[in-house]
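Written below as structure tokens is the structure these notes are about.
This structure is a prediction, so every number in the text was calculated from the model and none was measured.
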Protein chains: 2
Amino acid sequence: MPKENKDYFAKTLEKGIRILNLFDENHPNWSLTEIAEQLKFNMTSAYRLVNTFVELGYLKKDHQSKRLRLGPMSFVLGNRLLYGFETNKLIEPLVDEIHSRHNISIDVTLFHSRQLVKVYRRETSNTLTYRQDAVSELLYCTASGKAVLAFLPAEKLNELIKSQSFTHRLENTITDVKVLHDDLERARQKGYALNNEEYINGLIAIAAPILGRPTKYPLGAVSFTSTTLDHTLAGFTEQYADVLCDLAKRLSDVCRGSDG
Amino acid sequence: MPKENKDYFAKTLEKGIRILNLFDENHPNWSLTEIAEQLKFNMTSAYRLVNTFVELGYLKKDHQSKRLRLGPMSFVLGNRLLYGFETNKLIEPLVDEIHSRHNISIDVTLFHSRQLVKVYRRETSNTLTYRQDAVSELLYCTASGKAVLAFLPAEKLNELIKSQSFTHRLENTITDVKVLHDDLERARQKGYALNNEEYINGLIAIAAPILGRPTKYPLGAVSFTSTTLDHTLAGFTEQYADVLCDLAKRLSDVCRGSDG
DNA sequence: TAAACTGGTTACCATTATAGTAACTAAAGT
DNA sequence: ACTTTAGTTACTATAATGGTAACCAGTTTA
């Protein structure tokens with residue numbers, strides 16, 4: 001093992017990328033001060049990074065207000081990243097098929113480091129819905145999070161459990177490590193994890209892991225979600241657990257080779 | 001004027017972004033060596049930058065082949081950049097309206113530094129079509145390029161003309177600076193520029209600049225394209241020049257305030 | 001089977017870039 | 001006119017990067 005690779009990580013690049021990530025549909029414009037405060041960068045660094053993006057055309061600075069927006073190069077890069085990400089091409093048809101057959105809300109997330117990254121989502125029509133962040137570190141209180149945790153090697157699992165906040169969100173939220181371990185063991189047995197209103201009031205879900213080949217390392221998860229208005233968790237599980245596990249297996253097939 | 005801002009430009013960030021830009025639909029995977037060669041980076045730098053992206057989840061390294069692909073975080077960033085780029089929300093309806101009314105191929109490009117960046121395109125149905133890069137430095141042989149050049153301040157114009165290659169692509173390609181200046185003067189008079197098979201055989205186009213307010217600096221251009229199979233350039237101009245100029249004016253209205 | 005090769009990874013350190021402080025400027029508010 | 005605020009620039013100790021070279025693990029070649 002080398003000396004933990006601190007030499008081969010470009011901090012400046014990471015900081016710049018974090019700035020780009022601030023801009024989205026809901027936050028289309030930022031002032032330099034806002035950026036510096038949000039990311040805890042000092043003004044000079046923020047200025048240098050932002051200025052770089054402005055010169056390259058990724059950000060655009062309004063000459064009057066000095067506020068920043070995405071520039072045309074960001075649009076080009078966005079297209080490249082979106083259409084260059086091949087995994088979705090493999091995932092989408094599998095999910096679409098189940099979605100259209102069962103009219104059910106499906107989320108596919110990929111696991112990276114300590115985060116779940118949403119890469120595809122289909123919603124049921126005519127039901128309540130919710131909006132979640134594209135990137136989430138909440139593993140202990142979501143079905144997908146628990147599906148991944150359950151199939152992680154013990155060492156990594158313990159490391160991640162330590163990093164979870166265990167905020168008591170709702171009545172059913174698991175706040176005890178022992179209880180979580182039991183819950184994960186159950187998931188391991190059954191092949192899928194549950195969310196019984198542990199994260200959002202009225203929201204229930206089942207999720208199965210997407211496992212890499214040949215390592216069986218969890219690469220992500222696929223979840224079906226519903227509400228207590230439409231299903232009991234038991235009924236929902238009864239009805240869809242097999243479909244879920246089958247879909248997870250097929251997603252594992254197409255994601256094979258991208259282990260690690 | 002400060003000392004040309006070399007202190008406030010983060011080279012590492014630029015290099016990293018150039019790596020991300022290599023990945024698209026047509027080039028979804030790269031080896032480290034390919035990246036280093038393509039961008040003229042030494043291996044260590046390329047390795048450090050790539051490793052940063054891998055750790056952050058923007059790239060994914062196949063453990064066997066070591067080849068790199070986009071990772072899930074790139075997908076998230078791609079979405080943010082695409083939907084956070086507001087300009088398109090303003091441009092699209094205006095272009096769509098003309099497109100559906102006249103069934104004509106329309107391209108909107110924004111000008112940055114020395115490049116034309118394509119941000120929106122609608123094509124006619126049932127005609128030959130062509131595929132162009134999203135970012136182009138060819139200004140002397142395209143209608144949009146000449147539309148921008150024609151309305152640039154003299155100083156910037158001369159700087160850019162020096163940087164053009166004037167490669168003799170086709171019979172009609174302008175390769176003489178004097179001839180180009182005459183052509184631009186004509187465009188300035190009429191308010192729009194022409195492309196008479198100067199870039200692609202059989203391709204004709206007319207383009208008008210998108211001008212910033214209040215500076216009248218060209219922010220980009222909108223072009224209508226057709227082929228010699230469908231129109232003569234004279235007939236095409238006769239039929240559409242007014243529609244084009246009207247659209248350009250309306251695009252200039254919605255792009256106002258983003259001057260510079 | 002060994003030798004050569006290839007592509008990737010790591011060590012090391014001179015060179016260069018960055019973070020942080022502080023000074024400065026321009027615009028907005030009082 | 002004074003104060004405040006946000007952005008920009010100057011300066012320099014500290015930290016990151018680039019470049020060379022060594023190293024390693026697979027592959028190909030002899």
Side-chain angles (χ1 to χ4, degrees), chain A residues 1-20 22-23 27 29-56 58-69 71 214-215 257-260, chain B residues 1-20 22-23 27 29-56 58-69 71 214-215 257-260:
Chain A
M1 187 69 72
K3 58 170 180 179
E4 272 316 319
N5 263 0
K6 276 179 64 180
D7 272 5
Y8 296 98
F9 186 88
K11 295 190 185 180
T12 307
L13 177 54
E14 182 194 21
K15 292 190 178 181
I17 294 290
R18 290 182 64 196
I19 290 181
L20 262 199
L22 293 176
F23 293 80
H27 312 87
N29 83 81
W30 293 76
S31 73
L32 186 60
T33 308
E34 285 167 358
I35 291 173
E37 280 176 359
Q38 177 76 32
L39 300 178
K40 309 268 167 58
F41 296 169
N42 73 64
M43 276 293 268
T44 306
S45 301
Y47 180 78
R48 183 184 287 113
L49 264 7
V50 161
N51 193 55
T52 304
F53 279 131
V54 170
E55 300 238 321
L56 295 175
Y58 291 89
L59 294 180
K60 202 161 185 356
K61 179 157 56 176
D62 186 291
H63 273 286
Q64 292 236 300
S65 69
K66 308 281 182 179
R67 291 187 76 84
L68 298 150
R69 297 173 176 280
T215 59
S258 46
D259 236 37
Chain B
M1 186 69 75
K3 57 170 179 177
E4 271 319 319
N5 264 0
K6 275 178 68 182
D7 274 4
Y8 296 98
F9 186 88
K11 296 186 185 181
T12 307
L13 177 55
E14 182 194 20
K15 292 191 176 182
I17 294 289
R18 290 183 63 195
I19 290 181
L20 263 200
L22 292 177
F23 292 80
H27 311 86
N29 83 81
W30 293 76
S31 74
L32 186 59
T33 308
E34 284 167 359
I35 291 174
E37 280 177 0
Q38 177 75 33
L39 300 177
K40 310 269 166 61
F41 296 169
N42 73 64
M43 276 293 268
T44 305
S45 302
Y47 180 77
R48 185 182 285 117
L49 264 6
V50 162
N51 193 55
T52 304
F53 279 130
V54 171
E55 301 239 320
L56 296 175
Y58 291 90
L59 294 180
K60 201 163 186 355
K61 178 157 55 179
D62 185 292
H63 273 288
Q64 294 236 300
S65 69
K66 309 281 182 178
R67 293 187 73 85
L68 299 150
R69 296 175 177 280
T215 59
S258 46
D259 236 36

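- Here the side chains of A:Leu32 and A:Met43 are in contact, with some heavy-atom distance below 4.5 Å.
- Between A:Leu68 atom CG and D:dT8 atom C1' the separation is 13 Å, expressed in whole Å.
- With rounding to whole Å, B:Phe9 atom CZ is found 15 Å from D:dT9 atom P.
- B:Val50 has its side chain out of reach of B:Trp30: every pair of non-hydrogen atoms, C-beta onward, lies at least 4.5 Å apart.
- Atom CG in B:Leu32 sits about 18 Å away from atom P in D:dA25, given to the nearest Å.
- How far OH of A:Tyr58 is from CG of A:Leu20: 8.5 Å, rounded to the nearest 0.5 Å.
- Between B:Ile17 and A:Phe53 there is a side-chain heavy-atom pair separated by less than 4.5 Å.
- With a 4.5 Å cut-off on side-chain heavy atoms, B:Glu14 and A:Leu56 count as touching.
- Following rounding to the nearest Å, B:Asn29 (CG) and C:dG8 (C1') show an atom-to-atom distance of 16 Å.
- Listed pair A:Lys61 / D:dG7 fails the phosphate criterion, with no side-chain N or O lying under 4.0 Å from OP1 or OP2.
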Q: Between protein and nucleotides 20-30 of chain C, map the contacts as a letter string: B base, S sugar-phosphate only, - none, heavy atoms under 4.0 Å, written 5' to 3'.
A: BB---------

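- For the helix from C:dT1-D:dA30 to C:dT30-D:dA1, the angle separating the two terminal helix axes comes to 40°, with each axis derived from five pairs and the value rounded to 10°.
- Rounded to whole angstrom, the span from the NZ atom of A:Lys11 across to the C1' atom of C:dT18 amounts to 11 Å.
- With contacts defined as side-chain heavy-atom distances shorter than 4.5 Å, the pair B:Leu68/B:Phe23 qualifies.
- Whole-Å rounding puts the B:Tyr47 OH to D:dA16 C1' distance at 17 Å.
- With values rounded to the nearest 0.5 angstrom, B:Asn42 atom CG is found 13.5 Å from B:Tyr47 atom OH.
- In this structure, the CZ atom of B:Arg67 is 11 Å from the P atom of C:dG7, given to the nearest Å.
- Between B:Leu49 atom CG and D:dG18 atom C1' there is a gap of 11 Å when expressed in whole angstrom units.
- With rounding to the nearest 0.5 angstrom, the OH atom of A:Tyr8 is 12.0 Å from the OG1 atom of B:Thr52.
- In this structure, the side chains of B:Leu49 and B:Ile35 stay at 4.5 Å or more apart for every pair of heavy atoms.
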